[in-house]
Amino acid sequence: MVTITDSARQAASALAADQLVALPTETVYGLGGLATSRAAVERIFAVKGRPVDHPVIVHIDGVSSLAHWTASVSPAALALAEAFWPGPLTIVCPRADAVLDQVTGGQPTVALRAPSHPLFVNVLAELSALGIEHPGIAAPSANRFGSVSPTTAQHVIDGLGEYLAAGDLVLDGGPAAVGVESTIVICTDHTARIARAGGITAEQIAGVVALESVAAESVRVPGALASHYSPQARVILLDGVSDLAEIADQIADADRIGLLGLARDLDTVGLDWIQLARPHNSAEYAHDLYAALRTADEIGVSKVIAILPPDEGIGSAVRDRLIRAAH
Ligand code: TXA
Ligand code: MG
């Protein structure tokens, strides 16, 4: 039985004892372990069922800890950290020698982010109070590999409860505010390239540094596997309501269909299907997305028809996750 708590101090004590703690962040819940503990990091991979060569993000307390975890910090990386930390931005930098291979997947780089969720911030402060300088918490999203990321403590328990051990904890910080994962920016040379769309938009990043477009083969990012974030139900995508006729043949009369899309699009469709979520804008779409995909499985719809939001702002991250969920 895994214990649920809202105590950052209890969470820090468990982490310091090499236990795992599922932690709230502003994006999604993470499955955390001390990034300097080989035993803890190995358990993260086991509990997630994640391939060992997939690197994990190290969560740190801010810009002042960047140098501790990296071999060098480019001007772009520093500018981005100063602009968007704490917040949903992950920066990939050349790693410091001491960073565990288990964390980096054996790559010469490390992914770093300073989350803004107040409970997470408190956990890092409590670790410092325990004498751990520049604490780092390795934390992938707290779901089994390939399935939908958790945005509540209950989602974590539903997905990982049976895999966690006595002594592990779930720190309940309420529903995640953003709802999709952090934006990943690669800053391993003088350039900055987005490797995963997320909570900080490309427009925001381009306001701080010059962005290069990413060559698909340039970086291995497991979140970039074609199939990911997948519910049991089949996900069918629509890029605008006018495409509805094109998918009519994919929908048998007997199908129980779940609908997901912006309220204005659902109103245009006007069909009598189960509405899984009807967000009013792309930020709400991001916030509701994963819970809606879970609802689809809970109520047992066979197909989810998702109407994509416009490809701008955080809508780009929503589209990215839906396209992977549909693969
Ligand atoms: O919002 C988030 O980023 C959440 C919360 C918990 O912080 N975490 C998250 O972790 O989404 P995960 O493991 O599900 O995705 C981390 C992504 C993976 O796609 C991984 O490949 C990439 O970060 N990544 C980690 N280290 C990397 C590195 N050194 N180089 C390139 N990509 C890296
Ligand atoms: Mg994940």
Indicate whether any N or O donor in one side chain lies under 3.5 Å from an N or O acceptor in the other, for S7 and T5.
no
Between S37 and L34 (side chain of the first, backbone of the second, donor and acceptor by atom type, cut-off under 3.5 Å), is there such a pair?
no
Judged by modelled atom types alone, do T151 and R294 share a side-chain donor-acceptor pair under 3.5 Å?
no
For the residue pair H155 and Y290, is the inter-centroid distance of their aromatic rings smaller than 6.0 Å?
no
So do the side chains of V170 and V21 get within less than 4.5 Å of each other, counting heavy atoms only?
no
CD/E42: more than 12 non-hydrogen atoms of other groups inside 6.0 Å:
yes
Flag, side chain of S282 to backbone of Y285, donor-acceptor distance under 3.5 Å:
no
Under 4.0 Å between a side-chain nitrogen and a carboxylate oxygen: does that hold for R278 and E284?
no
Looking at G199, is its backbone amide N or carbonyl O close enough to the side chain of T183 to form a donor-acceptor pair, meaning the two atoms are under 3.5 Å apart?
yes
Note, V180 side chain near V178 side chain (heavy atom, < 4.5 Å):
yes
Is there a donor-acceptor pair under 3.5 Å between the side chain of S128 and the backbone N or O of L124?
yes
Salt-bridge contact E126-R9 (side-chain N to carboxylate O under 4.0 Å)
yes
Looking at W69 and H59, would you say the former's side chain and the latter's main chain have a donor-acceptor pair under 3.5 Å?
no
Are any of the side-chain heavy atoms of T191 and V209 separated by less than 4.5 Å?
no
Using atom types as modelled and distance alone, determine if a side-chain donor or acceptor of T70 lies under 3.5 Å from a backbone N or O of L66.
yes
Under 4.0 Å between a Lys/Arg side-chain N and an Asp/Glu carboxylate O for R43 and D18?
no
Does T295 reach the main-chain N or O of A291 with its side chain, forming a donor-acceptor pair under 3.5 Å?
yes
Hey, does the side chain of K303 reach the backbone of I236 with a donor-acceptor pair shorter than 3.5 angstrom?
no
Any side-chain donor-acceptor pair under 3.5 Å between T104 and R95?
yes
Testing the 3.5 Å rule here: is there a donor-acceptor pair between the side chains of T90 and S182?
yes
Please determine whether a side-chain nitrogen of the Lys or Arg among R113 and E181 lies less than 4.0 Å from a carboxylate oxygen of the Asp or Glu.
no
